[in-house]
K.L.:
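One structure coming up, written as C-alpha cells, with questions to follow.
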Amino acid sequence: MNPIVGWVLIVLLIAAGYAGWGWRGVVLGVTVAVFGLLLQFNRSLRVLKNASGAPVGHVASAVMLHSKLHAGMTLLQVLALTRSLGTRLGDAPERWGWADASGARVALLFERGKLRSWELGRAAAETDRSPAGAN
C-alpha cells in the first residue's frame, strides 16, 4: 500500500472516531493505527530474522529467484523471497546481488526503494574441459 494512502486512512479513522464517540473514538483510532504499525514492524523483524540465518548473498536457485521477481517489489519483499541478506553491489544506484551454488547470479537494481530491473548472469562454461573418454 502507498504510505500516503495509509496515513490518510489513519487520519480519516481518527476523525470518524471523534465524530462518532468523541475523545474515546480518537483513542480507539490511535490504538488501531499503532496496532497496524506494530504488525508491519513485526513482519519486518520476522523477515530479517529468517534472512539472518542464511549465508549472505546465497539462494538455493538464482533462476527460480529470477522468475519470481517483478517490478515494484520492495527490498523487504525480496528478502522474504530469498530468505538471505543480499550482497551490496553498488550504492548509486542501489544494487544488490544473490548467487547460487552453481555460480548463477541475480543482480537487482532498486530506485527509490522499489525494484526497477534485474538480470540473471550464468557462470561461464569451463573452457578446459576435455572430451569424454580422453586422458
Side-chain angles (χ1 to χ4, degrees):
M1 175 189 297
N2 187 344
I4 294 172
V5 173
W7 287 108
V8 168
L9 288 175
I10 289 172
V11 169
L12 289 176
L13 176 70
I14 293 172
Y18 179 74
W21 297 290
W23 67 270
R24 291 182 186 120
V26 171
V27 170
L28 178 64
V30 169
T31 302
V32 170
V34 168
F35 181 71
L37 291 172
L38 284 173
L39 286 176
Q40 284 187 326
F41 182 71
N42 185 34
R43 178 177 178 255
S44 300
L45 285 181
R46 189 175 59 243
V47 167
L48 290 174
K49 180 183 175 202
N50 290 340
S52 70
V56 174
H58 180 77
V59 290
S61 173
V63 176
M64 289 302 294
L65 172 62
H66 183 264
S67 69
K68 293 179 182 179
L69 295 173
H70 57 84
M73 293 178 78
T74 63
L75 184 57
L76 188 64
Q77 291 170 326
V78 173
L79 290 177
L81 275 178
T82 62
R83 294 190 176 105
S84 167
L85 300 173
T87 305
R88 182 177 283 263
L89 303 175
D91 289 331
E94 187 177 8
R95 292 178 50 87
W96 295 88
W98 284 266
D100 62 13
S102 70
R105 181 171 198 82
V106 178
L108 287 70
L109 172 71
F110 289 88
E111 290 178 2
R112 296 184 331 182
K114 302 286 183 178
L115 180 61
R116 291 295 171 232
S117 65
W118 59 96
E119 60 186 28
L120 176 65
R122 302 222 182 217
E126 295 180 30
T127 57
D128 59 344
R129 269 194 188 163
S130 56
N135 287 329

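Along the sequence shown, residues are numbered consecutively beginning with 1. If you're wondering where the values come from, they're calculated on a predicted model, not measured in any experiment.
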K.L.:
Among the clusters formed by ILVMFWY side chains lying less than 4.5 Å apart, do Val56 and Trp96 turn up in the same one?
P.N.:
no
K.L.:
Without swapping roles, check the side chain of Ser84 against the backbone of His58 for a donor-acceptor pair under 3.5 Å.
P.N.:
yes
K.L.:
Between Arg105 and Ala99, what is the shortest heavy-atom contact and its length?
P.N.:
NH1-CB, 3.5 Å
K.L.:
Of all heavy-atom pairs between Ser44 and Leu76, which one has the smallest distance, and what is that distance?
P.N.:
OG-CD2, 3.5 Å
K.L.:
Just how far is it from atom CG of Asp100 to atom OG1 of Thr82, taken to the nearest 0.5 Å?
P.N.:
12.5 Å
K.L.:
Return the minimal non-hydrogen interatomic distance between Leu115 and Leu109, and the atom names on each side.
P.N.:
CD1-O, 3.5 Å
K.L.:
So for atom CZ, which belongs to Arg88, do other residues, nucleotides or ligands contribute more than 12 heavy atoms lying within a distance under 6.0 Å?
P.N.:
yes
K.L.:
Could you tell me the separation between the CG atom of Leu69 and the CD atom of Glu119, rounded to the nearest 0.5 Å?
P.N.:
12.0 Å
K.L.:
What heavy-atom pair brings Ala80 and Val47 nearest, and what distance separates the two atoms?
P.N.:
N-CG1, 3.7 Å
K.L.:
Looking at NZ of Lys68 and CE of Met73, how far apart are the two atoms once the value is rounded to the nearest 0.5 Å?
P.N.:
10.0 Å
K.L.:
Which atom pair, heavy atoms only, marks the closest approach of Leu85 to Leu79?
P.N.:
CA-CD2, 3.9 Å
K.L.:
With hydrophobic residues grouped by side-chain heavy-atom distances under 4.5 Å, do Leu9 and Val27 end up in a single group?
P.N.:
no
K.L.:
Do other residues, nucleotides or ligands put more than 12 heavy atoms under 6.0 Å from Ile4 CD1?
P.N.:
no
K.L.:
Take atom CZ in Arg95; do more than 12 heavy atoms of anything else shown fall under 6.0 Å from it?
P.N.:
yes
K.L.:
With a 6.0 Å cut-off (strictly less than), is the heavy-atom count around CZ of Arg116, excluding the residue itself, greater than 12?
P.N.:
yes
K.L.:
Strictly distance-based, threshold 3.5 Å: is any side-chain N or O of Asn50 a donor or acceptor partner for the main-chain N or O of Arg83?
P.N.:
no
K.L.:
Apart from Leu37 itself, what residues make up its hydrophobic cluster when side-chain heavy atoms of I, L, V, M, F, W and Y under 4.5 Å apart count as a link, directly or indirectly?
P.N.:
Trp7, Ile10, Ile14, Tyr18, Val26, Val30, Val34, Leu38
K.L.:
Taking a hydrophobic cluster as the set of Ile, Leu, Val, Met, Phe, Trp and Tyr residues connected by side-chain heavy atoms closer than 4.5 Å, whether directly or through intermediates, do Leu108 and Val63 fall within one such cluster?
P.N.:
yes
K.L.:
Are Met64 and Trp118 linked, directly or through intermediate hydrophobic residues, by side-chain heavy-atom contacts shorter than 4.5 Å (ILVMFWY only)?
P.N.:
no
K.L.:
So which atom in Leu75 and which in Trp98 form the shortest heavy-atom distance, rounded to 0.1 Å?
P.N.:
CD1-CH2, 4.3 Å
